[in-house]
Each structure stands twice: as C-alpha cells, then as structure tokens.
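This one's a predicted model, so the numbers in the text were calculated from it and none came from an experiment. The chains referred to below are lettered A, B, ... by the order of the sequence lines, with proteins before strands, and numbering in each begins at 1.
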There are 2 protein chains.
Amino acid sequence: MPHSASSPKGRPGRPRSAAADRAILDATRAALVDLGWGKLTMGDVAARAGVAKTTLYRRWANKNELVVDAVAVLFDELELPDLGCLQADIEGVVRQFGALLARPETKTALMAVVAESTTDDALRERIRSAIVDRQKRLVVLGRERAQQRGELPPDVPGPEGALAAARTAGLIFDLIAGAIVHRTLVTAEPVDAEWAHRLSTVLLQGLGGLD
Amino acid sequence: MPHSASSPKGRPGRPRSAAADRAILDATRAALVDLGWGKLTMGDVAARAGVAKTTLYRRWANKNELVVDAVAVLFDELELPDLGCLQADIEGVVRQFGALLARPETKTALMAVVAESTTDDALRERIRSAIVDRQKRLVVLGRERAQQRGELPPDVPGPEGALAAARTAGLIFDLIAGAIVHRTLVTAEPVDAEWAHRLSTVLLQGLGGLD
DNA sequence: CTCTTACGCTACGGGTCGTAGCGTAACTCG
DNA sequence: CGAGTTACGCTACGACCCGTAGCGTAAGAG
C-alpha cells in the first residue's frame, strides 16, 4: 500500500506498475539486510529494484514510510496455531514471532521505524495500523479460544467487563511482544523452544492472579 | 566515557576538556529532543555545545557511539527501592523505568541505537556494557532481597542451580524491560501506577510456576 | 621555556537528498 | 483510431551533511 491515493477505479492514464511496487519492497528488504538502516539510501533501493529514483518518491514520501510498508507484509505470516491447549498455542505464537524477529531485515527495520516514530506522529499511526493492530488480533483470538475450552473464565458481561478484557489483552500483548523483542534485539539470544516454554508458563500462571 | 584512549595519567600536553565532554553530551540529548534521531547532525550538536565539529570527532567516531554515551548516564538514575516486599519493589522499578522511557531523548535514542546495533556488533557490545548490564543488577538484587525475606526459595546450590537462577533472571529482565519498552514506544500508553501493579502481579504469580 | 597534545577555524571532496524538466510508454475514453 | 491523462526513465541540479586535513593558537607536563 504505497503512500499515494488509490488508483484501481477507471482512472485515465497509465496505471501504477504493480511489478514495480513488489520490486521496490523486495529491494528495500534486501538492502536492509546488506546495509542496515543507517546506510540504506533511496538511490540504492532504486538501483536494486531496477527502477528510477523518482519512481520511489512518487509512491513514498521518505525512507521511513517505505520501510514500514516493506516490513509490514512480513508480519502477516503470523498465525495462531490451534494445538488444543492455551499453553501450546502461546508457545507456537512466541516461536513464530521469535523466528520472524530473527530475520535481519525485520529487526533492523522495526526498531528503526519505531525510533523514528517517537518524533513523528504520522509514522507512529502508520506503524500501528500496518503492523501492531494486525497482530493484536492473535491475543484476542487466543483468549476467545481458551474461554471456549474453559481454560479461562468468560468475560464479565457489560461495558466494564469489556474494558477489563481489553486492558488485559493489552497487557498480554505488551508482555509477549516486548519480551520477544527485548530478548532478540537487546539480550541477543535466540527465542528457542525452551525459552518459549518458560515464557508461556510464567504468563499462564500469572494471568490467573489478575483480579 | 568518550571513545578515545584514557588521559588521566601524567600524559604530556593539554588535557581533554571535561567541560566540553559534558557540554557535548548535554547538547546531544537536547538535539535528540528537538530533532529526533534521523535529523540529528554532528554539526548541530557541535554548534549547540559551543564546540568545533572536529572536537566531536576527536572523541567519538560517529553518531551512534556519541548517542549511546549521551543516553547511558540517564539509566544510572534507576535504583531498586527497598519497600519491604517484593511486589512493591518491582512496582517501584517499573515506574522508574517507565518514567525514564517517557522522556523523549531516552526513547528516541535507545531505539535508534538498538536498531543500528543489529548490523554493528561493536555497537551492540557498547550498548550491553554501557546500559543493559548496568540494569540487570536490579533484577539480581531484587531476587536476593526477596530470598532473604523468604518470599522466594533460595537458589539450588551447585552449578546447575546457578545456571537456572541466571536463566530465570534473564527471563525476568526481558519480561520487565521488554514490556515497558513495548508499552511506551509501540502501544504508546503511559506506564502508570495501575499498569505497574498489574504487571508486577502477573510476574509474581507467574514466577511461582517455574520448574 | 620547550614539548606535546587539545582546541577552534576554515576549507574541501564525496555522498545523499528530494525536486524539476523532458521525452516516452501505457491505458481510458469518445 | 486519436486525444487526453497519467506513469516511467533519465538527467541534472542546489542543498545539505559527512568526515578529514591543515593551520595557528591555547593549555598543561617536564
């Protein structure tokens, strides 16, 4: 989803090249792997994509937005496995997320755009809609499944119950995603099966004590 | 701790100006607040500090290392309060860390250098020694205090017990620091007393179930 | 006083940014 | 098919920042 307006409708003129879109996003990820965020240049991406530099600027206003879009699609790979019990499902998601963040282009790009978003509200909103909110569904879905299995108590009915459920989901998301990111990027140790198991154990045990 | 060699010893010649060091680091933090990471330039920092650009390069090889040092000192403010029970101690640290990360220069700089460290091993090591390891002590200290109070079981003696303790401390650190960072920077909501309480509750409840 | 190092200043080549202008390519509509 | 409209590739450009070199001067050590 490039930056400019949508074009699918019967608008006159030559349409945007979808192949160029893909080539640019692929080139951006490749360049991130090779060069990292700091040394990534728009000219280099254009050259790798076999595209004129002006074509990049017709679609994305700057490096930040380009990289957000280039990385966002990677997060759509994540799925909530249905392994029959909540702990196994959590472990599955943790390992998927860990594997995703182990990829050089993912960790480099994600942290860089998050850093930039601290002084750029539009970018923060773009990250939220393109990446974060898409993944929060995994937490909500996991809770619903566990409630149907009877592993978690059902939500308290009424607005205050829904509020409490939303807050808890937010806390869980911050805990899981934050811990994985921190381990991968700061501690710099792998998210292996054993660590995922320990994390899910703490979470499950801990959630029983909330209110 | 600038990049170049140490100079305190009776080395001939004019010594490095300690005032310039402080002015540069202060200017770096101020520039981070105003400009963010992406638009921060060495020339701008030098101008703010009232120092020649060449003086910056005599001490720090590049923007990354300068910013790491500029931000590292902020993390030394963190202390483990002794409030008499483990949960209160954890909440205190969580709120301190949250307040620290709420400052614009801290979050901007921390994420930016972490992003850069994914493709720069030397920078990663600098971050680890200057920031991460300094804070891990809080976790270790908190565990020791809780064990003395009888709130946590003592470590299993022997090497495998120490290993398990180290792994648990690492997990806790990733959980706490990761969750706070994620909430502050990605979710973009404040680390208030209520959230700190819920986090510490989950942690305490969850740690009982490990092994 | 001499030696050595740090500092401020100026200047510079090299690189990236983001834009403008042009001719051409591709598609829609009448 | 022709006219209108939009996208593309290419070139060129001013602006900015980087990191370094060279010089004269300032400040401690012996």
Side-chain angles (χ1 to χ4, degrees), chain A residues 1-28 31-32 34-67 112-113 116 120 122-123, chain B residues 1-28 31-32 34-67 112-113 116 120 122-123:
Chain A
M1 265 173 216
H3 171 261
S4 68
S6 54
S7 64
K9 260 304 178 185
R11 169 147 126 274
R14 176 177 178 175
R16 289 273 169 88
S17 161
D21 274 350
R22 271 184 284 105
I24 291 170
L25 294 177
D26 290 348
T28 302
L32 276 171
D34 292 350
L35 307 173
W37 166 264
K39 294 177 182 170
L40 176 69
T41 71
M42 299 292 265
D44 185 80
V45 170
R48 286 172 190 253
V51 154
K53 198 174 55 166
T54 45
T55 298
L56 262 74
Y57 283 105
R58 289 193 186 97
R59 298 162 194 236
W60 290 276
N62 52 55
K63 210 164 87 171
N64 292 327
E65 309 209 339
L66 169 61
V67 170
V113 295
E116 220 57 38
D120 183 338
L123 182 62
Chain B
M1 270 176 208
H3 171 261
S4 66
S6 53
S7 63
K9 258 304 177 185
R11 170 145 126 274
R14 176 178 178 176
R16 288 273 170 89
S17 161
D21 275 349
R22 272 183 284 102
I24 292 170
L25 295 177
D26 290 347
T28 303
L32 276 172
D34 291 350
L35 307 173
W37 166 265
K39 295 176 182 169
L40 176 69
T41 71
M42 298 292 264
D44 185 80
V45 171
R48 286 172 190 254
V51 154
K53 200 173 53 165
T54 45
T55 299
L56 262 74
Y57 284 104
R58 288 192 187 100
R59 298 164 193 234
W60 291 277
N62 51 55
K63 210 166 87 171
N64 292 327
E65 309 209 338
L66 169 61
V67 170
V113 295
E116 220 60 37
D120 183 339
L123 182 62

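Distance CZ (B:Arg11) to P (D:dG28): 14 Å, rounded to an integer number of Å. In this structure, A:Asn64 places its CG atom 10 Å from P of C:dG18, rounding to the nearest Å. C:dC9 atom P lies 13 Å from atom CG of B:Leu56, rounded to whole Å. Distance B:Asp44 CG to D:dC18 P: 9 Å, rounded to the nearest Å. Per the geometry, CG belonging to B:Asp21 stands 12 Å off P belonging to C:dA6, to the nearest Å. For A:Tyr57 and C:dG21, the OH to P distance is 18 Å, given to the nearest whole Å. Rounding to whole angstrom units, CZ of residue B:Arg16 and P of C:dT4 are separated by 18 Å. Per the geometry, NZ belonging to B:Lys63 stands 13 Å off C1' belonging to D:dC16, to the nearest Å.
Scanning all heavy atoms of the two residues, the minimum distance from A:Ala20 to A:Val51 falls at CB-CG2, 4.4 Å.
When each of B:Gly13 and B:Thr55 is assigned the nucleotide of DNA chain C bearing its nearest heavy atom, the one mapping closer to the 5' terminus is B:Gly13. Nearer to the 5' terminus of DNA chain D, by closest-nucleotide assignment, is the contact made by B:Leu40 (compared with the other of B:Arg14 and B:Leu40).
The nucleotide whose nearest atom lies closest to any side-chain atom of B:Thr41 is, among C:dC7, C:dG18, D:dC17, D:dC17. Relative to the side chain of B:Pro12, the nucleotides D:dA29, D:dC17, D:dG19 differ in distance, and D:dA29 lies closest.
Dashed line: the shortest gap from a side-chain N or O of A:Arg58 to OP1 or OP2 of D:dT6 is not under 4.0 Å.
Remark: the backbone N or O of A:Thr41 is not paired with any side-chain donor or acceptor of A:Lys63 at under 3.5 angstrom. Distance alone, capped at 3.5 Å, places no donor-acceptor pair between the A:Glu116 side chain and the A:Leu123 backbone.
Annotation: the terminal axes of the helix from C:dC1-D:dG30 to C:dG30-D:dC1 meet at 20°, where each axis is the rotation carrying the C1' atoms of four end pairs onto the next four (5 pairs per end, rounded to 10°).
At a cut-off of 3.5 angstrom, the base of C:dG18 holds at least one donor-acceptor pair with the side chain of A:Lys53.
Classification of B:Arg59 and B:Asp21 as a salt-bridged pair holds, one side-chain N sitting under 4.0 Å from a carboxylate O.
Atom CG of B:Leu66 is separated from atom CG of B:Leu32 by 8.5 Å, given to the nearest 0.5 angstrom. Here CE of B:Met42 is found 11.0 Å from OG1 of B:Thr54. Values are rounded to the nearest 0.5 Å.
Among the heavy atoms of the strands lying under 4.0 Å from B:Thr54 is at least one base atom, whether or not backbone atoms are also near.
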Using the rule given for salt bridge (charged side-chain N to carboxylate O under 4.0 Å, His left out), can you reason through A:Asp44 versus A:Arg48, listing the C-alpha separation, both sets of side-chain angles and the distance that settles it, and then say yes or no? CA-CA 6 Å; A:Asp44 185 80; A:Arg48 286 172 190 253; 2.7 Å; yes
